[in-house]
Amino acid sequence: MATNCKEYEFQRIEPHWQSFWEENKTFRAADGSPGPKYYVLDMFPYPSGAGLHIGHPEGYTATDIVARYRRAAGCRVLHPIGWDAFGLPAEQHAIKTGTPPAENTQKNIANFRRQIKALGFSYDWDREVDTTDPEYFRWTQWIFLQLFRRGLAYVDKRPVWWCPQLGAVLANEEVVDGRSEIGGHPVERRNLRQWVLRITAYADRLLADLKDVDWPDSTKRMQQAWIGRSEGAEVLFGLEAPGAGPLRIFTTRPDTLFGCTYMVLAPEHPLVAALTNPAQAAAVAAYQAQAAAKSDLERTDLAKDKSGVFTGSFAVNPVNGARVPIWVADYVLMGYGTGAIMAVPAHDERDFEFAKRYDLAIVPVIEPPEPGPALPYIGPGRMVNSGAYDGLEWAEGKRRITAELESRGVGKQAVNYKLRDWLFSRQRYWGEPIPIVWVDEADYRRAAALRPEDFPAQPVTFRQDGIDRYALPIPASALPLSLPQVASYIPSGDGESPLANATPWLEIWLNVSTGEAAPASGPRPSGPAWVRGRRETNTMPQWAGSCWYYLRFTDPRNPAALASEAALKAWGTPDLYVGGAEHAVLHLLYARFWHKVLFDLGAVPQAEPFPKLFHQGIILGEDGAKMSKTRGNVVNPDTIIASHGADTLRLYLMFLGPLEDMKPWNPRGIEGVHRFLQKIWRECIGPEGAVNAKVSEDAEESAALTKLLHETIRKVGADIEALRFNTAISQMMIFSNALQKEPRTRRQTLLAFLQLLAPFAPHVAEELWERLGGAAPVQAAPWPKFDPARIASSDKKLVFQVNGKHRGDQLVQAGLSQEQALAIAQSNPKVAPHLSGKTLRKVIYVPDKIINLVVN
RNA sequence: GCCCGGGUGGUGGAAUGGUAGACACUAGGGACUUAAAAUCCCUUGGCUGUAAGGCCGUGCGGGUUCGAGCCCCGCCCCGGGCACCA
């Protein structure tokens, strides 16, 4: 039942149809329903306390249009939504107020849900997921156990931001200008034990499989650059220091090996101490200390002037036996390659700068094809000063030198990646607990014997207080491992999360077979499987829950698996994934990594999670600046819904410009699309609230309107498929303008038009559809088809050009020959004057479109 | 510095190498109205002309082409990403 309001009362119409959809479960994605599947996914939001930002409904409207269009086109559509609800803001709120993060998170989710429902999106609410729900994160933890058992999770000491005053580890975004965001206290780098995921083991596949996905080029390129594969050689340089062994370096330019005039070690390189002469020891130690005090940012940012110090020792170049001095300098990073380089100042900008500063030798070994370029010369050329290799092209030189090194056992071809392993732990409360218990070696061995399939080939251990501790995985059957209630959300003070204070949860007797636990304060339960352990206090980063949520949507309540095989097969991966470009690297790379691990486990059938990706652009404030509270230029969707309605907001967001563009919000433009909806209302409904008197079953409509309707059907469909919503709306506006000028309209014409409008402005379309005699929901009616014969016309407008300049046009019969067209053009009164006294040299004729007369 | 993306009226934007400025906003004029709102009609890139029309015009400079907003070369500006990765 429609509302029967007389005027376009969106305040009544919108809630009415929202309840209708909810009550009828109009958008339920039934597993067995007919038609080809179509899975369209939004990047799910973090439910912040600030509520929905105008950028959210932009992307969500786009996917909603696609979802509604696909349903009408006969597809079985999966269009879900959920909440990425772990994260820092909730934790900070908890610290400030003392209320449990779960409580505040649920409040925020309720608000987000209300706002999203008010926009009329066609989500299947039965599939809503929440990453903080133990029934959800149980599977996040399960995936972690799979990574662990495959040797893809390990612990390592990693530098993190440490704030002594707060007694807390801070995230990058909590550190502003070297001080804590909260309180402005100084922060420092501190090495803490961290969980790390071995994403580098998948570097080659993450790179190679980019070719199989339909993503924006820029995003693919960003991932490529992030993975940063480079090919070269590892070379062993002999060392003069006794017992120091060879020095391993990585280079992409083995062809310049003869130009190596010094070596550089990163300050953290393990060989620095052994290679430092007593005379240089003080200087080197001072330099190391200085480098250690610098943050990553300082080391990269402030390193405009290269600095370094000589160790006093020498290495031996394997190709020519030359003695080369070994330096320590922080322009070489320990984290890349081997942490040591051969410096070729003649052909590397950084080495050149350093050599100039410290007056080191510069020997050119590549000759440019054309003389001229100054050193350092980075380009191609032939080898010189390179002994037997002189005269070779550099590419050939690379191959030959690498082969020589290999045959002599002093080097080999090598590939390096910029990609680093993924720091996966956070010293926080509000995240998924890592399902690991630390035990001693003997207990570990016993447990590993009981459940060998759950354990990695190499135990994960770390040494603390002189004792080796072993990482014991909780049995998957004991998941979820929930967060304990804690008295305070303030970090432990010594670098651990607040979980370190939850003693009964933390210090336990663990049954290694079942995963059952009892507080260690109590007696050891009887039975051989009980061991003494301490739980891992780190939690997972916010990325974890979003790495696999698209899989859970296919089977969100499954208690026995992350999703059933049947559901994964039926719905597959998203056919369209829409979200901000700010996730171009991290989220999308992490999710691809997890997906590939799951693929290798046989848990998912595809190698890539997101075959088609699209980024919506950012909506800027009215002032053209990024929307922010401090600028006061934030637009709240609630305000617009109250003043103009959700349909208007949706339409306007799509009309603003191309979806992918960054575009400023202009409050005045809203009136335009609102007027458009009102115009359509008036075309359908008369002033008394009945169907407009000009509408009838068999009205005589102009042929032009019929043609325009078919053109509109074609364009709206094509534009939706190409995600060009702004031009689809323009076309509908053109149609409504024409409709208005018709004295009589056919009911069927209006109904077809309302079907086109429905994905964009579903509430008003649903209302008018039913008032004109359609049966709700609109999407149940098959999407209108256009008739190409109706679009083709026998008259074409032929454009006349003289020397490429537009000189007029004329309606002509379609399919004219060039001779006929030429005769018409020559006799056209607007064209003729431009031909008089000139000679016709050439005619370019595009039938039914344009004829260009070239004269002189 | 390197890698991308983009510069079109007063504004947001439209345009498979084929009429630049669709659609909308703003502004101005008119109709309806006692009046206003709403609605409808007209004008709205610049210069020039009584008019018909003409000339110019898609950041700047070149080029390819019968024809360039679109392709190529060289610049300028704006936005994004990366940044000592050997």
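Order of the sequence lines sets the chain letters (A, B, ...), proteins ahead of strands, with each chain counted from 1.
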(message) When you measure from the side-chain N and O atoms of A:N803 to the phosphate of B:rG67, is any distance below 4.0 Å, counting only OP1 and OP2?
(response) no

(message) Taking side-chain hydrogen bond (donor to acceptor under 3.5 Å, both in side chains) as the criterion, tell me which of A:R650, A:H53, A:Q616, A:K663 meets it with A:E58.
(response) A:K663

(message) So, OP1 or OP2 of B:rC41: does either fall under 4.0 Å of a side-chain N or O from A:K741?
(response) yes

(message) Taking only side-chain N and O atoms of A:N737, does any of them lie within less than 4.0 angstrom of OP1 or OP2 on B:rA24?
(response) yes

(request) Could you give the distance separating B:rC47 and B:rU11 at their P atoms, to the nearest angstrom? (result) 15 Å

(message) Whether the side chain of A:K679 and the base of B:rU39 hold a donor-acceptor pair under 3.5 Å is what I'd like checked.
(response) no

(message) Between A:R724 and A:D719, does any side-chain N to carboxylate O distance fall below 4.0 Å?
(response) yes

(request) Mark yes or no for whether A:Y845, through its side chain, and A:L816, through its backbone, hold a donor-acceptor pair below 3.5 Å. (result) yes

(request) Tell me whether the OP1 or OP2 atom of B:rU19 has a side-chain N or O from A:K797 closer than 4.0 Å. (result) no

(request) Tell me whether the OP1 or OP2 atom of B:rG18 has a side-chain N or O from A:R807 closer than 4.0 Å. (result) no

(request) Taking atom C1' in both B:rA24 and B:rG13, compute the distance separating them and give it to the nearest angstrom. (result) 8 Å

(request) Have a look at B:rG67 and give me syn or anti from its glycosidic angle (syn if within 90° of zero). (result) anti

